[in-house]
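What follows is a set of notes on a single structure, which appears directly below.
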Amino acid sequence: IRSGEVEKALSIKDEMMQTVDEPDVEVFGHLVRKLSGQKRVQEALALMDESQAAGLKPRERNIRELRRLCDVAGIEQHPLVGTDPEQWRKDANVAKRSKRKKDNQVAYRMRMMMTNSFS
């Protein structure tokens, strides 16, 4: 997959699915990541369906780009893609950089909650 031969990797994945009883979640994850990097959203979503049918859930780092592409294209979220677990952190950073007093108060409260929870 690292050499960019996604088509060959997809055929190897198909062979794996026929011969192995328990498929590897990393294979699905890397393929989803590569397909997303090549902006092949529909193929990546189909692969997510296939992984769900096999009882696998790719890691967050492998589906992050697919989630972003779905958001940009306005495509409904796949159940395995879900919402961004890091969205709260992004919202806090936007609020922290904001010039509006109300947004800064929210960022201040969030920062205080985080520092108090680690004490």
Side-chain angles (χ1 to χ4, degrees):
I1 295 175
R2 289 184 181 155
S3 63
E5 297 179 11
V6 178
E7 300 305 323
K8 185 176 179 181
L10 286 169
S11 67
I12 292 171
K13 186 258 322 162
D14 290 335
E15 290 175 21
M16 177 193 72
M17 291 297 289
Q18 293 173 357
T19 58
V20 177
D21 291 336
E22 195 171 313
D24 187 12
V25 69
E26 289 300 315
V27 171
F28 281 96
H30 288 299
L31 283 170
V32 166
R33 192 176 192 173
K34 276 297 188 181
L35 289 170
S36 299
Q38 294 179 354
K39 310 287 191 271
R40 295 162 63 177
V41 177
Q42 295 302 324
E43 291 176 64
L45 288 172
L47 195 61
M48 290 295 288
D49 286 332
E50 195 174 334
S51 72
Q52 185 177 25
L56 304 172
K57 184 181 185 327
R59 291 183 183 185
E60 172 61 28
R61 69 176 183 209
N62 293 323
I63 59 176
R64 193 172 292 139
E65 178 67 11
L66 178 60
R67 180 183 299 114
R68 188 189 68 76
L69 290 172
C70 287
D71 286 344
V72 168
I75 298 172
E76 184 178 326
Q77 293 290 342
H78 188 280
L80 284 179
V81 174
T83 58
D84 189 358
E86 297 291 318
Q87 188 61 45
W88 68 272
R89 184 173 296 161
K90 294 173 186 174
D91 293 341
N93 284 335
V94 168
K96 187 168 57 173
R97 289 186 299 246
S98 175
K99 301 293 182 200
R100 293 185 359 210
K101 186 176 180 178
K102 182 180 178 183
D103 288 342
N104 284 331
Q105 290 172 350
V106 172
Y108 176 76
R109 276 190 243 125
M110 289 182 78
R111 191 174 332 122
M112 292 307 293
M113 287 184 340
M114 289 175 49
T115 56
N116 290 337
S117 66
F118 293 119
S119 299

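The first residue of the sequence shown is numbered 1, and numbering continues consecutively from there.
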* Smallest separation among heavy atoms of Ser36 and Ala44, with atom names -> OG-CB, 3.9 Å

* Hey, does Lys34 have a side-chain heavy atom less than 4.5 Å from the side chain of Arg40? -> no

* **Residues which pass side chain to side chain donor-acceptor pair (under 3.5 Å) with Gln42, listed by chain and number, not counting sequence neighbours** => none

* **By salt bridge (charged side-chain N to carboxylate O under 4.0 Å, His left out) - contacts of Arg67 (at least two apart)** => Glu60, Asp84

* **Which residues share a side chain to side chain donor-acceptor pair (under 3.5 Å) with Gln52, sequence neighbours left out** => none

* Asked: Closest heavy-atom contact between Met48 and Val32?
  -> SD-CG2, 3.8 Å

* Structure fact -> Sorted by chain and residue number, the side-chain contact (heavy atoms from CB on, under 4.5 Å) partners of Arg33 (sequence neighbours excluded) come out as Arg61, Asn62

* Asked: Do Pro58 and Leu47 have side chains that get closer than 4.5 Å, going by heavy atoms?
  -> no

* To do: With rounding to the nearest 0.5 Å, note down the distance linking OG in Ser51 to CG in Leu31.
  => 10.5 Å

* Which residues share a side chain to side chain donor-acceptor pair (under 3.5 Å) with Arg64, sequence neighbours left out -> none

* To do: Please test Glu65 against Lys39 for side chain to side chain contact (heavy atoms under 4.5 Å, CB included), starting from the C-alpha separation and ending with a verdict.
  => CA-CA 9 Å; Glu65 178 67 11; Lys39 310 287 191 271; 4.2 Å; yes

* Structure fact -> dist Ile63:CD1 -> Leu69:CG (nearest 0.5 Å) comes out at 12.5 Å

